[in-house]
2 protein chains.
Amino acid sequence: MSLRYALLGALADSPRTGYALLKHFEQSLAYAWPASHSQIYPELARLLEAGLIEQTGTGARGSKTYAITEDGLEDVRRWLRGTEPDRRVRSEAALKTFFLWLLEPDEAASQLEHERGYWSGVLGEFRRIEEEPTGDDKKSRAFRIALEGGIRTVEARLEWLDAALAEVRSPEWAARDD
Amino acid sequence: MSLRYALLGALADSPRTGYALLKHFEQSLAYAWPASHSQIYPELARLLEAGLIEQTGTGARGSKTYAITEDGLEDVRRWLRGTEPDRRVRSEAALKTFFLWLLEPDEAASQLEHERGYWSGVLGEFRRIEEEPTGDDKKSRAFRIALEGGIRTVEARLEWLDAALAEVRSPEWAARDD
DNA sequence: GCACACATGTAAGTTGTTACATGATTAC
DNA sequence: GTAATCATGTAACAACTTACATGTGTGC
């Protein structure tokens, strides 16, 4: 149901076309709930069917503009207030960490270095977004709070990767062969 | 394919029964790759079929003990070394943050407080695990590195939640009504 | 004897991914 | 004209969840 509410939340901000929603998912929402066009378009059709959104216009190249309805707004508010979020985390990278001992020390180190490179790129991207001027309305503030969460998470991961790298590079790590 | 390698990795440590693997997933691996018994048992059957694991014994109450084969060990090492991890993050809580502006200030604050309560419990659990004595072999060290990653992530989240709470409780947040 | 944890499995439904498919407008 | 981006959709498959289903040993 999360995709449903991600769409409703985005439309609560302002009416958008399916394509604009797709782009929005590729950009900011990608870090919270990635979704592809093959998921978004059918879900929009279902939301329309359910009366939670309505089509308010048709643009160039067959684009369709959707707006949230009163029912939709109620629904997304109910979701925000009432439902316990699913807090399970799936992370292939974290999984790999458990099995780092299966690799040669230098292989383990290069895995972690690669990981550090990736997340340091993400941090740069987040910092770039942070620099962009925005309003100081509630929407912008909420966005900045979310962004701040991303930045802190990535920073913590980078610090951890440095510590992990120091450990797998230590003589103690290399020495043990069990 | 991650579940497959999670199972192979766990069996690379030592032979285990399906049920023991299930418990292992409920405990430490739950924070990296949650899986239920309805996923684990069929996947074990497939791994057996593929010759990546073998059944080495039968225990009480029909339990089956599996061990990783040479092929399996090769496969999990190839996965560890060669494949780019899927780094996409799905977080309902992060998603909700984007839409915090749809709630009344006190509702937004109580959401964040609730979230802080949850993660502070997880941190306590992680710290408890951290205190447990372990060996200093490679496996234990890799586990501790993974645990350290979890702790740092949760700590960063808690710090962020405090900052976010301060913001939604500020007069500037309450004042704006747009 | 009965509850609980152990132990394994299948089935139906939902969600998400990758691939297939098509057409319109803009920039060069 | 032709490549890129805009714009929407469907279909097959894989992964995951929830519910159904069954039987065994242990502790009280």
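Here is the naming used below: chain letters follow the sequence lines, and residue numbers restart at 1 for every chain.
What separates CG of L95(B) from P of dT15(C) is a distance of 15 Å, to the nearest Å. Distance, F25(B) CZ to dT17(D) C1': 16 Å, rounded to whole Å. When rounded to the nearest whole Å, the span between CG of L21(A) and P of dA7(D) equals 12 Å. Between the OH atom of Y19(B) and the P atom of dT24(D) there is a distance of 16 Å, given to the nearest Å. Separating the CD atom of E92(A) from the P atom of dA15(D) is a distance of 11 Å, rounded to the nearest angstrom. Summarising the geometry, the separation between CG on L3(B) and C1' on dT17(C) is reported as 17 Å, rounded to the nearest angstrom.
Under 4.0 angstrom from either OP1 or OP2 of dC16(D) there lies no side-chain N or O belonging to R4(B). Contact annotation: K23(A) does not reach the phosphate of dA7(D) (side-chain N/O to OP1 or OP2, under 4.0 Å). For dT26(D), neither phosphate oxygen OP1 nor OP2 lies less than 4.0 angstrom from any side-chain nitrogen or oxygen of R61(B). Proximity of R88(B) to the phosphate of dT17(C): a side-chain N or O atom is located under 4.0 Å from OP1 or OP2.
Sorted by first and then second residue, the side-chain hydrogen bond (donor to acceptor under 3.5 Å, both in side chains) pairs with a member in residues 59-70 of chain B form an empty list; sequence neighbours excluded.
In terms of position along DNA chain C, the nucleotide closest to K64(B) lies nearer the 5' end than the nucleotide closest to the other residue of the pair D86(B) and K64(B). Of the two residues contacting DNA chain C, namely G62(A) and R90(B), the nearest-nucleotide position lying further toward the 5' end is that of R90(B).
Interface residues of residues 29-55 of chain A facing DNA chain D, ordered by number: H37(A), S38(A), Y41(A), P42(A); criterion, heavy-atom separation under 4.0 Å.
Taking a 6.0 Å sphere around CD of E49(A), one finds it holds 12 or fewer heavy atoms contributed by other residues, nucleotides or ligands.
Inspection of the S110(A) and H114(A) side chains reveals no N or O donor paired with an N or O acceptor under 3.5 Å. Between R157(A) and T153(B), the side chains place no donor N or O within less than 3.5 Å of an acceptor N or O (distance only, hydrogens not considered).
Between F99(A) and Y5(B), the ring center distance fails the sub-6.0 Å criterion.
Taken together through direct or relayed side-chain contacts under 4.5 Å among Ile, Leu, Val, Met, Phe, Trp and Tyr, V89(B) and V154(B) form parts of separate hydrophobic clusters.
Within the 4.5 Å cutoff, the side chain of R87(A) has heavy atoms near those of the Y118(B) side chain.
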